[in-house]
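Everything numeric here is computed off the predicted structure, so don't read it as measured data. Just so you know, ligand 1 is whichever comes first in the structure, and atom 1 is the first atom listed for that ligand.
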Amino acid sequence: MKQKLFDKFAELFGNSEGAHFYFAPGRVNLIGEHTDYNGGHVFPCALTMGTYGVARKRDDRKMNFYSMNLDSFGVVETSLDDLTNKKEYNWANYPLGVVWTFAEKGRRLETGFDMVIWGNIPNGSGLSSSAALEVLTGVIVTDLFGIKDFSMTDLALIGQYCENKFIGCNCGIMDQFASANGKKDNAIFLDTNTLKYEYAPIKLDDAKIIITNSKVKHSLVDSAYNDRRQECTDALAALKTKLDIETLGDLSPEEFEANKDLIADPIQQKRAKHAVYENQRTLDAVAALKDGDIVKFGQLMNQSHISLRDDYEVSCEEIDILVDLAWAIPGVIGSRITGGGFGGCTVSIVKNDTVDRFIESIGSAYKEKVGHEAEFYTVDIGDGASRLD
Ligand code: GLA
């Protein structure tokens, strides 16, 4: 792929002398869903799937972006003199927004750059192709322009800022953090309140992590995501009338139960319940993993799904079909929706000797019930974003 990217770069921009090669991964979250904007914990890992880029500095103020996945858009031409989101820029609003964010943070670029990308994260699958693109751009900009004082966590925060303020999705920090700070064969146990994190080795001797792509994406993804976030903010405000807390993540399930009636709105109460219990589940799941108790880890994943389905209401029919099918197979240790929701993927832990059966039986039953095929990927946990050459 590297050669193809360099060839494309040379075709579009004359030659590829002095251009460099970069990568940023997508992510899958094992547990801790919709907790990252509630001051809770998450447990994602970076994938070996992600977005590759070749980039080189220019002498003028132009920034040219080209995606080999979306070549119908051609070269998207932008300028440092007009860092505004434009509908016709489509996907290129992400790298442009990252450049805008650098300017917002006091790092105005004097000259532009050319960038060609190609990614193998299935589009719209909820495996964070947009976070990968943001972090990729952050790595490219710091490398090309010799910006040395931004850590990988800073680049994750820049990606999130771009997404929140330039793109308009009020996402938390998880996806960009995982893409920036991923580590091969490890998941990241992250406290989103403090951004303190530790790596937890994922050594499943007799099981594999399988992602199942429902290949549906419902159009309400961004708006419903922002609605959920608002409902949590409102629930927190209601709790704060009596409690001295900063985030929903400050509450244990017991404290929540004792105070939940402060939240008058039943929908908001359900959303907050999910955030509080999911945070506890994440702590319990990481402890179970450290104890080698993968069965308990799987049970917590299943409970996470039930809560996301019933209390947080971010699942959908197709995803519930996949999860129900998975739960019915002996040898499936746990299965749940992963990511923002309303379609996308499930993540399952499946015993090695069950993997073939899992793929065959879920594959055919899903096709029969839903009318199109699901896709399956065995997870290889990879490193965070970097320059590769
Ligand atoms: C999306 C967001 C993340 C996180 C998840 C849900 O992936 O980008 O910040 O909120 O949804 O856990």
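Ring centroid separation for the pair Y197 and F189 does not come in under the 6.0 Å cut-off. Taking the six-membered ring where the residue is Trp, the centroids of F21 and F9 are separated by 6.0 Å or more. Taking the six-membered ring for Trp, F150 and F102 have ring centres closer than 6.0 Å.
Remark: K105 qualifies as a cation-pi partner of Y161 under the 6.0 Å distance and 45° angle criteria applied to the six-membered ring.
Interface atoms of ligand 1 facing M174, defined by a heavy-atom separation under 4.0 Å, are 4 (C), 5 (C), 12 (O). Shown in contact with Y37 at under 4.0 Å from a heavy atom are these atoms of ligand 1, numbered in order with element: 10 (O). Under a 4.0 Å criterion applied to the non-hydrogen atoms of H34, ligand 1 contributes the atoms 6 (C), 12 (O). Ligand 1 places these atoms under 4.0 Å from at least one heavy atom of Y225: 1 (C), 2 (C), 3 (C), 4 (C), 9 (O), 10 (O), 11 (O). Of all atoms in ligand 1, numbered sequentially from 1 with element shown, those under 4.0 Å from a heavy atom of C171 are 2 (C), 8 (O), 9 (O).
Tracing side-chain contacts under 4.5 Å through hydrophobic residues (I, L, V, M, F, W, Y), one never reaches V379 starting from I329; they form parts of separate clusters.
Scanning all protein heavy atoms for the shortest distance to atom 11 (O) of ligand 1 gives G340 CA, 3.2 Å. Ranking protein heavy atoms by distance to atom 9 (O) of ligand 1, first place goes to D36 OD2, 2.6 Å.
Within a 6.0 Å sphere centred on CD of E368, other residues, nucleotides and ligands contribute 12 heavy atoms or fewer. Counting heavy atoms of neighbouring residues, nucleotides and ligands inside a 6.0 Å radius, atom CG of D60 exceeds 12 of them. Within 6.0 Å of atom CD in E317, 12 or fewer heavy atoms from other residues, nucleotides or ligands are found, so the atom counts as exposed in its surroundings.
Checking only distances, D175 does come within under 3.5 Å of ligand 1, N or O to N or O. Checked against a 3.5 angstrom limit, the closest N/O atoms of E33 and ligand 1 fall inside it. Residue G172 places at least one N or O, backbone or side chain, under 3.5 Å from an N or O of ligand 1.
Looking at R27 against ligand 1, only its side chain comes within 4.0 Å, counting heavy atoms.
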